[in-house]
Every structure is written in C-alpha cells, then in structure tokens.
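Just below is one structure, and these are the notes that go with it.
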Amino acid sequence: MEIKQNLDRIKQTLPAGVTLVAVSKTKPVELIMEAYEAGHRDFGENKIQEMVEKQAKLPEDIRWHMIGHVQRNKVKYMAPFVHMIHGVDSLKLLREINKQAVKNQRTINCLLQVKIASEESKFGMDLKDTDNLLSSPEISELKHIRIRGFMGMATFTDDMNQVRGEFKKLQECTKLFHRYESDNCRFDQISMGMSGDYEVALEEGSTMVRIGSSIFGSRQ
Ligand SMILES: *Cc1c(COP(=O)(O)O)cnc(C)c1O
C-alpha cells in the first residue's frame with residue numbers, strides 16, 4: 001500500500017482551505033493508522049457501526065465524518081465523537097442529532113444532502129425539501145447543531161459535462177439559501193467529489209472532497 005504517497009499526491013492538487021476526507025469504509029484499522037502516521041486526521045465512514053468500532057481502536061484526535069445514510073435510531077452511538085454528519089436529509093434527523101449532541105454536551109456539524117444526480121438511487125433532498133427544512137422556525141432552537149453547508153453525489157457516469165452541471169447545482173445552494181443563514185446555520189462547506197470526479201468538483205467550488213479508492217485502493 002502506498003497510502004502516504006497517494007495522500008501526498010492528492011493533497012498537492014487541493015487549493016488552500018479544502019479538506020480531504022479519506023474514505024476508509026471496509027478498510028482495516030491498520031491502513032487507517034498508516035494514513036494517520038502520515039499526518040492525516042479526517043476520515044469518512046458510511047456505516048455507523050463500523051465507524052464506532054474503528055473509533056474505539058484509533059487515536060482520539062481523528063475527525064470522523066459520517067458520509068453515509070443515517071438512521072435516526074443509531075445517531076446516539078456516534079454522537080459522543082462524530083465531527084461532521086454529511087448526509088442529513090430531514091428535520092426529524094436534525095432534531096435527533098441535536099438531542100444526542102445535548103446529551104454529550106457537544107455541538108455537531110451537519111451538512112444537508114441535496115439530490116443532484118439524475119439517478120433514482122441517490123439519497124438526498126430536492127431543492128423544495130431543502131427550502132422547507134431551512135425555513136422551519138425550529139432550526140433556531142436546535143442550538144447544538146451547526147448546519148455548515150451542503151453535500152451531494154453526482155451521477156456515476158463518464159460524462160464529465162453532466163457531472164459538472166450537477167456540482168454547479170450544489171454550489172449554487174449556498175447562494176440560493178443564503179437568506180436562511182443564522183447563528184447555527186452558516187454555509188461555509190460544500191462536500192462534493194470522489195475518486196472519479198474530485199478534480200471537476202474542485203473546479204466547481206468543493207471545500208471537502210471524499211476520496212476512498214484513490215487512497216486505500218479499490219474495495220470488494
Ligand atoms: C464510498 C464513498 C466515497 C468515496 O468513493 P471513492 O470512489 O472510493 O473515492 C465518497 N462519498 C461517499 C458518500 C461514499 O459512500
């Protein structure tokens with residue numbers, strides 16, 4: 001494994017202020033430790049159970065990003081440590097994250113997952129759902145969450161024009177929903193771009209790229 005070289009190669013291409021989330025799902029803690037020893041601290045997992053198990057075995061100063069679909073009844077397991085939840089797609093989920101954050105005397109960073117892909121299978125809210133969520137007066141009462149911006153996944157296709165168009169749509173959310181910014185709602189992050197499309201995502205204003213296979217190798 002050339003994890004350190006892979007990290008270095010990718011980091012060289014990142015503009016200042018962009019966070020590289022190393023997506024370690026399905027990979028053993030030994031490989032995560034290799035990235036950690038190379039100085040890396042931001043890791044992404046898509047299953048809560050797997051993230052909790054790995055967190056217990058790894059250094060405390062890792063920033064764990066939940067990038068997968070989140071079931072409300074499992075939020076409590078990651079609330080003690082999770083740094084950012086990228087896949088928030090309902091007010092009910094935000095309410096639960098806030099409740100668990102209060103219990104742990106923490107504030108949890110959240111991103112709203114917006115559906116930008118044309119594929120049916122991708123999770124996320126459309127612009128109308130997103131507007132409804134952000135316009136809810138209840139948001140201001142959820143004092144232990146911070147809505148930091150938006151997350152999206154482009155269609156899985158070789159057509160980079162289509163991918164670019166979808167990323168543009170996500171980027172525009174920051175402006176589109178600017179009027180909803182408040183104490184716990186500040187849109188300074190856009191989580192978009194994976195191994196196959198992160199260069200395009202960066203050109204379209206991504207501030208967080210989520211990269212797995214180009215760092216750790218392909219998955220089963
Ligand atoms: C797996 C995954 C990634 C990383 O995918 P790669 O193609 O391996 O870079 C990024 N984002 C999400 C939401 C994922 O589930």
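Both counts, for ligands and for their atoms, begin at 1 and track the order of listing.
Protein heavy atom nearest atom 13 (C) of ligand 1, with residue, atom name and distance: I67 O, 3.5 Å. Among all protein heavy atoms, the one lying closest to atom 9 (O) of ligand 1 is S195 OG, 2.5 Å. What sits closest to atom 2 (C) of ligand 1 on the protein, heavy atoms only, is K25 NZ, 2.6 Å. The closest protein non-hydrogen atom to atom 5 (O) of ligand 1 is M194 CE, 3.5 Å.
Taking any N or O of R210, backbone or side chain, at least one lies under 3.5 Å from an N or O belonging to ligand 1. Residue M153 has no nitrogen or oxygen atom sitting less than 3.5 Å from a nitrogen or oxygen atom of ligand 1, judged on distance alone. Below 3.5 Å of separation, one finds an N or O of R219 facing an N or O of ligand 1.
With 3.5 Å as the limit, one finds no donor-acceptor pair spanning the side chains of N161 and R164. For the residue pair T19 / Q189, no side-chain donor-acceptor distance below 3.5 Å is found, with atom types taken as modelled.
E204 pairs in a side chain to side chain donor-acceptor pair (under 3.5 Å) with only one of the listed residues (Q171, K169, K168), which is K168.
Taking both residues in full, the closest heavy atoms of P80 and R106 are given as O-CD, 3.4 Å, listed atom of the first, atom of the second, then distance.
Within the 4.5 Å cutoff, the side chain of V163 has no heavy atoms near those of the T155 side chain.
Atom numbering of ligand 1 starts at 1 in the shown order; those under 4.0 Å from a heavy atom of G212 are 4 (C), 6 (P), 8 (O), 9 (O). In the vicinity of I211, heavy-atom distances shorter than 4.0 Å reach the ligand 1 atoms 9 (O).
Because its NZ or CZ atom is both nearer than 6.0 Å to the ring centre of Y36 and within 45° of the ring axis, R41 counts as a cation-pi partner of that residue.
Side-chain N or O atoms of D42 include none that pairs as donor or acceptor with a backbone N or O of H65 at under 3.5 Å.
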